[in-house]
Amino acid sequence: MANPIRQKEIDERIGKFADKFWGAFQMTENGRVKSTILLYSFCLCWVLLALYGGCFALINPWLNTLLTASAAPLWLINLIEALVPAVAGTAVASLVWLLPGDKRLLPAGYVWLTLLLLACLIALLILMGWESAGLVLQFFGMFALAPLVLGLGSSLLAYYLYWKKRPPAGDPARPWKRQ
């Protein structure tokens, strides 16, 4: 039998974490969002999804006609059809770095996209059943894994390089102290 006092402490911790997480999406007294990075990156996640979907829809038919005429093996055709649109989408998505503002936006958008695609993968596996899991995993490997790996990896690398080069922040409470 479980300890009711211990269970109450665990429930309180989970409740505090949930309140803190969902509190980031609530408005302040003056009508502003508490965490703009969460809201903006969530919206950017949908833009990234549409961008990659557009790249796959526009580039893959052209690639398919080009590659099926060649005598390339099927695995190479699949690899090229997965990587070329992913690279093109990542290159276009990297233009977000040119915008002024918070540089954490693009990596956070890719984190949201990863969470969204993981939820879709789990839902597809449950809905289609485990006997067709190979087909679902092949679909996600071709159309979701390459954009996520390329996009998240490049945005995290770019943010790391940006973070490494930025000047150290001064302490506003002690302006006399030099860095």
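All values derive from a computational prediction rather than experimental measurement. The basis for the numbers below is simple: all heavy atoms, side chains too, and nothing from hydrogens, waters or symmetry mates.
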Exactly one candidate in Leu58, Ile80, Leu63 meets side-chain contact (heavy atoms from CB on, under 4.5 Å) with Pro85; the answer is Leu63
For the CG atom of Asn64 and the CD1 atom of Ile59, what is their distance to the nearest 0.5 Å?
13.5 Å
Linking I/L/V/M/F/W/Y whenever any side-chain heavy atoms sit under 4.5 Å apart, do Val111 and Tyr162 land together?
yes
Which value, rounded to the nearest 0.5 Å, describes the distance between Glu12 atom CD and Gln7 atom CD?
11.0 Å
Between Tyr159 and Pro107, what is the shortest heavy-atom contact and its length?
CB-CG, 3.9 Å
ILVMFWY network linking Trp97 to Leu95, side-chain heavy atoms under 4.5 angstrom
no
Identify, with sequence neighbours excluded, every residue that meets side-chain contact (heavy atoms from CB on, under 4.5 Å) alongside Leu66.
Trp62
Shortest non-hydrogen contact from Leu67 to Ser70?
O-OG, 2.6 Å
Nonpolar side-chain network containing Ile14, other nodes, edges under 4.5 Å
Ile10
Could you check Leu125 against Phe140 for side-chain contact (heavy atoms from CB on, under 4.5 Å), going step by step and ending with a plain yes or no?
CA-CA 11 Å; Leu125 285 174; Phe140 264 79; over 6 Å; no
If we check side-chain contact (heavy atoms from CB on, under 4.5 Å) with Leu148, which of these qualifies: Thr90, Leu117, Leu48?
Leu117
Output for pair (Leu44 CG, Leu113 CG), nearest 0.5 Å, gives 9.0 Å
Is Leu152 reachable from Leu49 through a run of I, L, V, M, F, W or Y residues, each pair having side-chain heavy atoms under 4.5 Å apart?
yes
Can Leu116 be reached from Leu124 by stepping across I, L, V, M, F, W or Y side chains whose heavy atoms are under 4.5 Å apart?
yes
For Val87, side-chain contact (heavy atoms from CB on, under 4.5 Å) partners two or more places apart:
Leu150
Cluster link Phe139 to Ile126, ILVMFWY, side chain under 4.5 Å
no
Is there a donor-acceptor contact under 3.5 Å linking the side chains of Ser41 and Tyr110?
no
Taking all non-hydrogen atoms of both residues, which atom of Cys55 and which atom of Ala88 are closest, and how far apart?
SG-C, 4.2 Å
Would you call the rings of Trp46 and Phe42 parallel, tilted or perpendicular, taking 30° and 60° as the class edges?
perpendicular
Looking only at heavy atoms, what is the nearest atom pair of Ala144 and Pro147, with distance?
O-CD, 3.4 Å
Which value, rounded to the nearest 0.5 Å, describes the distance between Asp11 atom CG and Arg6 atom CZ?
11.0 Å
Would you name the heavy atoms of Leu106 and Ser94 that are closest together and state the gap between them?
CD2-CA, 4.3 Å
Using side-chain heavy atoms (C-beta onward) and a distance below 4.5 Å, is Leu121 in contact with Leu137?
yes
Any chance OH of Tyr40 has more than 12 other-residue heavy atoms, nucleotides or ligands included, within less than 6.0 Å?
no
To the nearest 0.5 Å, how far apart are CH2 in Trp112 and SG in Cys43?
10.0 Å
